[in-house]
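Everything below concerns the one structure shown next.
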Amino acid sequence: MDSNEWIKKLGDIAEAFKSFSESNVDITFLEERFVGKRGELTLLLRELGSFKPEEKKLLGAKGNELKNKIVSFCESKKNLFSGFKEYHYDIDITLPSKKYNQSNLHPITITLNRIIDIFQKLGFSIEWGPLVEEDYYNFEALNFSPDHPARDMQDTFYLDLKDDKNKNYLLRTHTSPVQIRSMLKYKPPLRIISPGKVFRSEAIDSTHSFVFNQIEGFYVDKNVSMADLKWTLESFMKDFFGSSAKIRFSPSYFPFVEPGAQAEVSCVFCGGTDKSCRVCHGSGWIEMLGAGVMHPNVLKNCGYDPNEFSGFAFGAGIERFAMLLLGIDDLRVLYENDLRVLRQIF
Ligand code: PHE
């Protein structure tokens, strides 16, 4: 290397140092890179050994000038930050932390959210209906004629409220009126779920309450059959309770479906093997919901031609699912606001 090359290298190093020093680079890195044991400038200065004395003196002066500049830059930065090292925080990290009252969703809401998620995956959308409902939507349009004995299946809170059109109002006894409201509002195909509170004039016990939550589901299109209903409910149950869940149907009566069925899910607790199982009592099956193929009169009441369209519908109590998730056998536990229950996030 001749002196010109040496000078050029020194210039490159000075240039590199300048740009690093203007950025936020770590000081120890900078120090090591340029003036450390194997630093670029250290190695360059070592090359001076092979130069003639006059050259060595001249170049050495230039090289040392840059070295001093870098060293003092690094020292000044280190002094700037060194104060932090000596600072001691005056805290005791072994103290227990403050307790916060963390809130969480109510078990019924968590259960409902899970149910909604599953049906949304299956392509269902959500509709909401009013809690104060007209007799027409709650009963009549669902094929309960005014004096039909099937009305007695649902003890009703009638409201002493008449509007100018002389309509009868009540607290809805089920979420099924949303079937009617949705079919009047939209054109088929419809794939809808509708959750919400329902009311029945009943005494409270471990499995009954005057207000509880239901979720309605229905699908109306061409060629919808009982087979679609069964597949949909089975897919739902498997997703909710696990892939080993099975369902079975048995005949049941609701005026707005024909045929009507009651669906049971295989006992997720004992699988039917435990005679003393608190949930299925050894039968292996748990009653979960009412369902069926929409009655032609219901379709007609909504202006749908029953020869062209058909549908299925089901209605389930949300508390029932929450009780199975929590493993409790008394519904009242869900309404008593005992924090030991409410805090069981599952
Ligand atoms: N609405 C019925 C009930 O509350 C349940 C149901 C819904 C049955 C849809 C059939 C079809 O008992």
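We count residues from 1, following the sequence as given. Keep in mind that what you see is a predicted model, and the values were worked out from it rather than measured. Counting starts at 1 for both ligands and their atoms, following the listed order.
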### Message
Salt bridge or not between Glu47 and Lys9? Use side-chain N to carboxylate O under 4.0 Å.
### Response
no
## Note on the structure
Under 4.0 Å from ligand 1, residues with heavy atoms, in chain and number order, are Gln154, His174, Ser176, Gln179, Arg200, Gln214, Glu216, Phe254, Phe256, Val257, Gly290, Ala291, Ala313, Phe314, Gly315
### Query
Within 45° of the ring axis of Tyr137 and under 6.0 Å from its six-membered ring centre, is that where the NZ or CZ of Arg172 lies?
no
#### Entry: Salt bridge flag under 4.0 Å for residues Glu40 and Arg33
yes
### Query
Between Glu75 and Lys78, is there a side-chain N and carboxylate O pair less than 4.0 Å apart?
yes
### Query
Do Lys167 and Tyr136 meet the cation-pi criteria used here (NZ or CZ under 6.0 Å from the six-membered ring centre, within 45° of the axis)?
no
### Query
Is the Phe256-Phe218 ring centre distance short of 6.0 angstrom?
no
